[in-house]
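For reference, the structure discussed in these notes is given below.
Since the structure is predicted, the reported quantities are computational estimates derived from the model, not experimental observations.
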Protein chains: 2
Amino acid sequence: MAQQPDTVTRILDTAEVLFAERGFAETSLRNITSKAKVNLAAVNYHFGSKKSLIQAVFARYLDPFTVRFHAALDELEADHAGGVIPLEELLETMARSVLEVPAERNSLKGFMRLLGLAYSQAQGHLRRYIQEEYGSVFTRFTELVRRATPELPDAERFWRLHFMLGTVIFTLSGLDALRDIAEKDYGEHVSVRDLVRRLRPVVVAAMNAPLPEPAPARREAG
Amino acid sequence: MAQQPDTVTRILDTAEVLFAERGFAETSLRNITSKAKVNLAAVNYHFGSKKSLIQAVFARYLDPFTVRFHAALDELEADHAGGVIPLEELLETMARSVLEVPAERNSLKGFMRLLGLAYSQAQGHLRRYIQEEYGSVFTRFTELVRRATPELPDAERFWRLHFMLGTVIFTLSGLDALRDIAEKDYGEHVSVRDLVRRLRPVVVAAMNAPLPEPAPARREAG
DNA sequence: CATCATTGGAAACAATTGTTTGAATGTTCC
DNA sequence: GGAACATTCAAACAATTGTTTCCAATGATG
């Protein structure tokens, strides 16, 4: 019989799945511990609190991701030796880094749902935690995007990046439901890699879209 | 002194705000009733259960929205007398309909966050409720989009519409946080209408993006 | 006047929550 | 072996949850 993973890993594995399925508040520690076949107190013993468990679930993905992404960006910058890295390559690199980490554990879908939850579930502590721990890698990325799209006003680029972030997170986090519909209506099985392939031209076109008409002059308050 | 709205309205108003701020599970009935200054039992008396209250909050937006949207589409179809309605006009009409309803109560932001929650918080009953009650409007809309984009394969259009749905919901539901950043970093106050203005060219470009390269032939399983 | 739906208040309900405790067990190292 | 430490376990804790009940007051409707 295969050796059981240790308690900490079992808790993380189970918590990850349940959080992704139901959200944080809707998943009790008893749900987790019973499904993981560990004692209830084990969570507080190993992680201290439910909050910390949530953060630990994210850290297990984001720590290797940031390492990998930084390395990939290093390589990319070396290849272009001080020059500008084209937007397509930046996006490609990001997509590859995001896909690689959870691919090792066949949990891409779960990770995407977690990312979606991190944004949507108001859980203030999580947003703060992610921002503080992993903000720098995104700052680096957006700076490279800035150089790749010099014609875009800063504010416009900021918003478009978040538009695309929404596209990706929303789609991949709701993937199961959407996949069912797509398969039923178009008889087409969709893998995550198919989705990435479909996303590529859409994201590029969106980032390169013409600038919006300028805002109408605001009337002074009477 | 201004006449207090009746109990049902006070509950709905307060629940809407609190749900949008913290999510459904994180908002207790006692939170709602104490802030709304109504008795705890009033919720179960008027709505039956917390689930029904959640659905009622949504219905208060979606009922007038569907009426308005259907009417706007009727008008649009009449204008184009059997012909094809351009994609831009369809999107414009949708945006206008979405904006009009909550604008009357100055609660656009809250409504958007609610929409985001409806998708992200796994709350199965809510998704089912919305799908069953309001699915037909979206079916009608997507059919019109189909005629406006005949060059797109059906599956591709399906995915791109959901990409854009993600863009809009994600952005508008996280609006407060994003707005703070944008205002701090770019000294620019962003209204919802500004966002819609910025979204327009992005969404159009995304829908009209070139088709992705065909999927690589799948190797047969060995 | 009588009837009935609505409000308010307080209390209790049973269930579930995250967390803590203290004893039992296992593991490690001298 | 034995001391020191880490882990597991069942049980209990205090707090909060959605829901129900009972009773009194109110206001509108017939």
Q) Who passes salt bridge (Lys or Arg N to Asp or Glu O under 4.0 Å) against A:Glu92, sequence neighbours left out? A) A:Arg200

Q) Considering only heavy atoms from C-beta outward, does the side chain of B:Leu53 approach that of B:Leu29 to under 4.5 Å? A) yes

Q) At under 4.0 Å between heavy atoms, what does B:Thr27 touch on the DNA or RNA strands: base, sugar-phosphate, or nothing? A) sugar-phosphate

Q) Quick one: ring-ring contact (aromatic ring centres under 6.0 Å, His included) pairs with a partner in residues 154-184 of chain A, sequence neighbours left out? A) A:Phe158-A:His162, A:Phe158-B:Tyr186, A:Phe170-B:Tyr119

Q) Mind checking what makes ring pair (Phe, Tyr, Trp, His ring centres under 6.0 Å) contact with A:Phe141, not counting sequence neighbours? A) A:Phe69

Q) Please, which pairs that meet salt bridge (charged side-chain N to carboxylate O under 4.0 Å, His left out) have at least one residue in residues 158-170 of chain B, sequence neighbours excluded? A) B:Glu156-B:Arg160

Q.
Holding to ring pair (Phe, Tyr, Trp, His ring centres under 6.0 Å), I want the full list of residues that pass it with A:Tyr61, two or more places apart in sequence or in another chain.
A. A:Phe111

(Q) Checking B:Glu77 now: which residues fulfil side-chain hydrogen bond (donor to acceptor under 3.5 Å, both in side chains) with it, not counting sequence neighbours? (A) B:Arg140

Q: Under the ring pair (Phe, Tyr, Trp, His ring centres under 6.0 Å) rule, collect the residues that match up with B:Tyr45, sequence neighbours excluded.
A: none

Q: Return the stems involving DNA chain C, sorted by first number, where pairs are Watson-Crick (N1-N3 with N6-O4 or O6-N4) or G-U wobble (N1-O2 and O6-N3), both under 3.5 Å, and runs are 3 or more long.
A: C:1-12 with D:19-30, C:15-30 with D:1-16

Q: Can you sort out the partners of A:Phe19 under ring pair (Phe, Tyr, Trp, His ring centres under 6.0 Å), two or more places apart, ordered by chain and number?
A: A:Phe24

Q | Protein proximity profile, nucleotides 6-12 of chain D - base contact B, sugar-phosphate-only contact S, no contact -, cut-off 4.0 Å on heavy atoms | A | SBBBB-B

Q | Positional range of nucleotides in DNA chain C within the contact set of chain A, heavy-atom, under 4.0 Å | A | C:dT17 to C:dT21

Q. Considering residues at least two apart in sequence or located in another chain, which fulfil the side-chain hydrogen bond (donor to acceptor under 3.5 Å, both in side chains) criterion with B:Ser136?
A. none

